[in-house]
Amino acid sequence: MSMGNYTLPVIVTAGAIVAGYVVYRFFFSTTKKQTPKITLENPNVKYTLRLIDKEVITHDVRRFRFALPTPDHILGLPTGKHVYVSADINNELVIRPYTPEILYQKESTKISLIFANQTTNDILLRGELEDLTLDTEQIKLWLTIDRDPPEGWQYSVGFVDEKMLREHLPPPSDDVLVMICGPPPMVKYACLPNLEAIGHQIAKYK
């Protein structure tokens, strides 16, 4: 997948189940590469994958890692999409949507992430996200919590607002893409009006 020199600001909240951090893979070699094998070839087909690891992230979040069919396979999931995971639990079919973890290598896209949560205990993958900002200047992270900021908290307290978006997202441009994930009231009353206030064209929001 390649987005050229696009900038991807992302707004997410703890209301979204995050199975991993957002990442992108870009290929810059001009030499011909072997076409990778796609795991998710058909969206209407169920694929059986082996569970290789389960990790407890918070009191109500788990991270599951599945193996692809072979080392030569890639997932093949388009950017911004999710997968449905199904399992038989107590003789009942349970189906849930999840966002898979995708690893990235060197890339030219810049990412600005505003991550809103209720408390610091709800911030998923905080350590991993902060580590990413140390490895590259192309990823910028800003956190905000609703309440109970700990001593020494260096981020925001309160809901996403115009000031926060203006300070921590890139200005509107043809090569800027804004992606929003969160509960509908936050998207409707906090994100979209404030994005419009700083010049983004929310009429293109889908």
Side-chain angles (χ1 to χ4, degrees), residues 7-24 53-65 77 79-85 94 96-104 109-172 176-198 200 202 205-206:
T7 303
L8 297 180
V10 186
I11 305 172
V12 296
T13 70
I17 298 177
V18 180
Y21 41 83
V22 179
V23 287
Y24 300 87
D53 184 56
K54 181 174 68 174
E55 180 181 356
V56 177
I57 304 298
T58 68
H59 64 96
D60 60 356
V61 175
R62 306 291 186 271
R63 176 164 57 188
F64 300 93
R65 296 185 188 276
L77 188 69
T79 302
K81 301 298 182 179
H82 60 267
V83 296
Y84 285 98
V85 178
V94 178
R96 296 286 188 272
Y98 290 99
T99 302
E101 176 180 298
I102 307 173
L103 301 180
Y104 78 98
T109 297
K110 296 180 179 179
I111 299 175
S112 299
L113 171 63
I114 296 178
F115 195 3
N117 290 268
Q118 294 186 26
T119 70
T120 55
N121 292 330
D122 300 311
I123 302 174
L124 304 179
L125 303 171
R126 179 182 174 183
E128 288 88 337
L129 290 171
E130 291 181 327
D131 286 345
L132 283 175
T133 66
L134 299 176
D135 294 337
T136 175
E137 295 182 354
Q138 293 175 259
I139 299 178
K140 296 182 178 180
L141 171 68
W142 191 254
L143 304 174
T144 184
I145 54 176
D146 294 346
R147 61 183 187 275
D148 304 328
E151 184 177 354
W153 177 251
Q154 299 179 349
Y155 299 100
S156 296
V157 177
F159 297 149
V160 173
D161 58 19
E162 179 183 339
K163 180 175 181 292
M164 191 184 304
L165 298 184
R166 192 179 297 277
E167 291 180 351
H168 300 289
L169 292 186
V176 172
L177 173 66
V178 179
M179 303 174 68
I180 308 173
C181 180
M186 187 202 77
V187 174
K188 182 177 180 180
Y189 298 110
C191 296
L192 294 181
N194 290 313
L195 284 169
E196 185 175 35
I198 64 176
H200 288 282
I202 66 170
Y205 172 75
K206 295 182 179 180

Practice task
Measure the CG-NE2 distance between L113 and H168 for me, rounded to the nearest 0.5 Å.
Solution key: 11.5 Å
Practice task
Drop me the distance from N121's CG to T58's OG1, to the nearest 0.5 angstrom.
Solution key: 9.0 Å
Practice task
Compare every heavy atom of D122 with every heavy atom of Q118, then report the nearest pair and how far apart it is.
Solution key: CB-OD2, 3.4 Å
Exercise for the section: May I ask you to decide if K140's main-chain N or O and S112's side chain share a donor-acceptor pair within less than 3.5 Å? Expected result: no
Problem - Any donor-acceptor pair under 3.5 Å from N117 side chain to T120 backbone - result: no
Handout entry: Separation of L132 CG from I111 CD1 (nearest 0.5 Å)
Key = 8.5 Å
Practice task
Apply side chain to side chain contact (heavy atoms under 4.5 Å, CB included) to the pair F64 and V85, showing each step before the final yes or no.
Solution key: CA-CA 11 Å; F64 300 93; V85 178; over 6 Å; no
Exercise for the section: Supply the atom-to-atom distance L124 CG to R63 CZ, rounded to the nearest 0.5 angstrom. Expected result: 9.5 Å
Exercise for the section: Determine the interplanar angle of the W142 and Y155 rings, folded into 0 to 90°, and report it as parallel if under 30°, tilted if 30 to 60°, perpendicular if over 60°. Expected result: perpendicular
Would you give me the side-chain donor-acceptor pairs under 3.5 Å for residues 179-197, sequence neighbours excluded?
{"unit_1": "N194", "atom_1": "OD1", "unit_2": "E162", "atom_2": "N", "d": "3.4"}
{"unit_1": "N194", "atom_1": "ND2", "unit_2": "A190", "atom_2": "O", "d": "2.5"}

Problem - Enclosure of E55 CD (heavy-atom neighbours >12, cutoff 6.0 Å) - result: yes
Exercise for the section: Write down the atom of I198, the atom of P172, and the distance for their closest heavy-atom approach. Expected result: O-CG, 3.2 Å
Problem - Interatomic distance, M164 atom CE to T144 atom OG1 [nearest 0.5 angstrom] - result: 3.5 Å
Practice task
First locate atom CD1 of I57, then atom CD1 of I123, and finally report the distance between them rounded to the nearest 0.5 Å.
Solution key: 13.5 Å
Completion exercise
Sorted by chain and number, sequence neighbours left out, side chain to side chain contact (heavy atoms under 4.5 Å, CB included) with T133 holds for I139, L141
